[in-house]
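Before any comments, here is the structure.
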Amino acid sequence: MNLYHCMIELKSDARALAFAVAVDAWLGHLQTAGLIGGWRLMRRKFGLASGLHTDFLLEIEVEGFAQLDAAFAALGGSDDTALRRYDQMHQMIARLDVGLYRPYPDPAQRERIALI
């Protein structure tokens, strides 16, 4: 399982609980459709963080690039309800930094090393 890792700062007028509800609606839709695995939204506790750590951290589980691509492709579809859910969530975001992470060391990496 890979993690699509999102560090999020909300716009100054956005409400945190409204954002959490919007994230749940959008990612719940993707999960029900089988486009992602699990997900979780976390918020910085007591404002404790250093450097570039943002207020919210969102982790989305995907099997690999194909599943991630399918989730992104869902935005280009004709499902108005899904697009509305995405827009509701996305309009609250001021800044977003993302990364795709994998377990390490992973079985494929170990196999490649063993062949050398």
Side-chain angles (χ1 to χ4, degrees):
M1 190 62 66
N2 296 284
L3 287 177
Y4 187 64
H5 185 262
C6 309
M7 295 175 62
I8 300 167
E9 284 293 339
L10 298 183
K11 293 180 179 175
S12 61
D13 62 342
R15 301 251 188 253
L17 287 176
F19 176 69
V21 168
V23 168
D24 183 57
W26 169 241
L27 294 179
H29 171 78
L30 292 180
Q31 190 172 24
T32 299
L35 297 171
I36 62 170
W39 63 273
R40 67 181 176 170
L41 179 66
M42 295 167 283
R43 189 169 191 192
R44 186 174 53 205
K45 187 171 183 174
F46 301 126
L48 292 175
S50 63
L52 300 176
H53 287 89
T54 56
D55 196 22
F56 286 93
L57 177 62
L58 175 63
E59 293 178 340
I60 304 168
E61 297 175 357
V62 293
E63 289 294 327
F65 283 122
Q67 191 177 36
L68 185 61
D69 187 51
F72 285 140
L75 290 173
S78 60
D79 184 349
D80 289 337
T81 302
L83 293 174
R84 214 170 21 256
R85 288 176 178 165
Y86 173 79
D87 287 340
Q88 219 172 16
M89 174 196 69
H90 196 264
Q91 71 184 354
M92 294 185 228
I93 297 173
R95 192 178 114 234
L96 172 71
D97 294 303
V98 299
L100 183 63
Y101 290 82
R102 64 184 168 90
Y104 188 83
D106 61 6
Q109 183 72 17
R110 283 187 288 225
E111 287 177 15
R112 276 187 250 134
I113 291 171
L115 294 174
I116 295 176

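The analysis underlying the following values was restricted to heavy atoms, covering all of them including side chains, and did not include hydrogens, waters or symmetry mates. All values reported here derive from a predicted model rather than from experimental measurement.
- Judged purely by atom type and a 3.5 angstrom limit, R95 has no side-chain atom pairing as donor or acceptor with the backbone of L10.
- The side chain to side chain contact (heavy atoms under 4.5 Å, CB included) test with W39 singles out one residue from L30, D24, V62, and that residue is D24.
- Note that the CZ atom of R44 and the CE atom of M7 stand 9.0 Å from one another [nearest 0.5 Å].
- To the nearest 0.5 Å, atom CD1 of residue I8 and atom CD1 of residue I93 are 4.5 Å apart.
- For residues 1-17, the set of pairs meeting the side chain to side chain donor-acceptor pair (under 3.5 Å) definition, not counting sequence neighbours, is empty.
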side-chain contact (heavy atoms from CB on, under 4.5 Å) between L100 and F65, intermediate numbers included: CA-CA 9 Å; L100 183 63; F65 283 122; 3.4 Å; yes

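- A continuous path of ILVMFWY side-chain contacts below 4.5 Å connects V98 to Y86, so both sit in one hydrophobic cluster.
- Closest heavy-atom contact between M92 and A22: CE-CB, 3.8 Å.
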Working note: L57 + C6, criterion side-chain contact (heavy atoms from CB on, under 4.5 Å); need CA distance, chi angles, decisive distance, verdict. CA-CA 6 Å; L57 177 62; C6 309; over 6 Å; no

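- Once rounded to the nearest 0.5 Å, the distance linking CD1 of I36 with NE2 of H29 reads 10.0 Å.
- Counting only residues at least two apart or on different chains, the side chain to side chain donor-acceptor pair (under 3.5 Å) pairs with a member in residues 54-70 are R40-E59, R43-D55.
- Here the straight-line distance linking atom CZ of F19 with atom NE2 of H90 works out to 9.5 Å at 0.5 Å rounding.
- Annotation for L35 and A70: closest pair CD2-CB, 3.8 Å, computed over non-hydrogen atoms.
- The cluster map of Ile, Leu, Val, Met, Phe, Trp and Tyr, joined by side-chain heavy atoms under 4.5 Å apart, puts V21 and F56 in different clusters.
- By the criterion of side-chain heavy atoms lying less than 4.5 angstrom apart, applied directly or through intervening Ile, Leu, Val, Met, Phe, Trp or Tyr residues, F72 is grouped together with V23 in one hydrophobic cluster.
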Evaluate I60 against L27 for side-chain contact (heavy atoms from CB on, under 4.5 Å), listing each step before the verdict. CA-CA 8 Å; I60 304 168; L27 294 179; 3.9 Å; yes

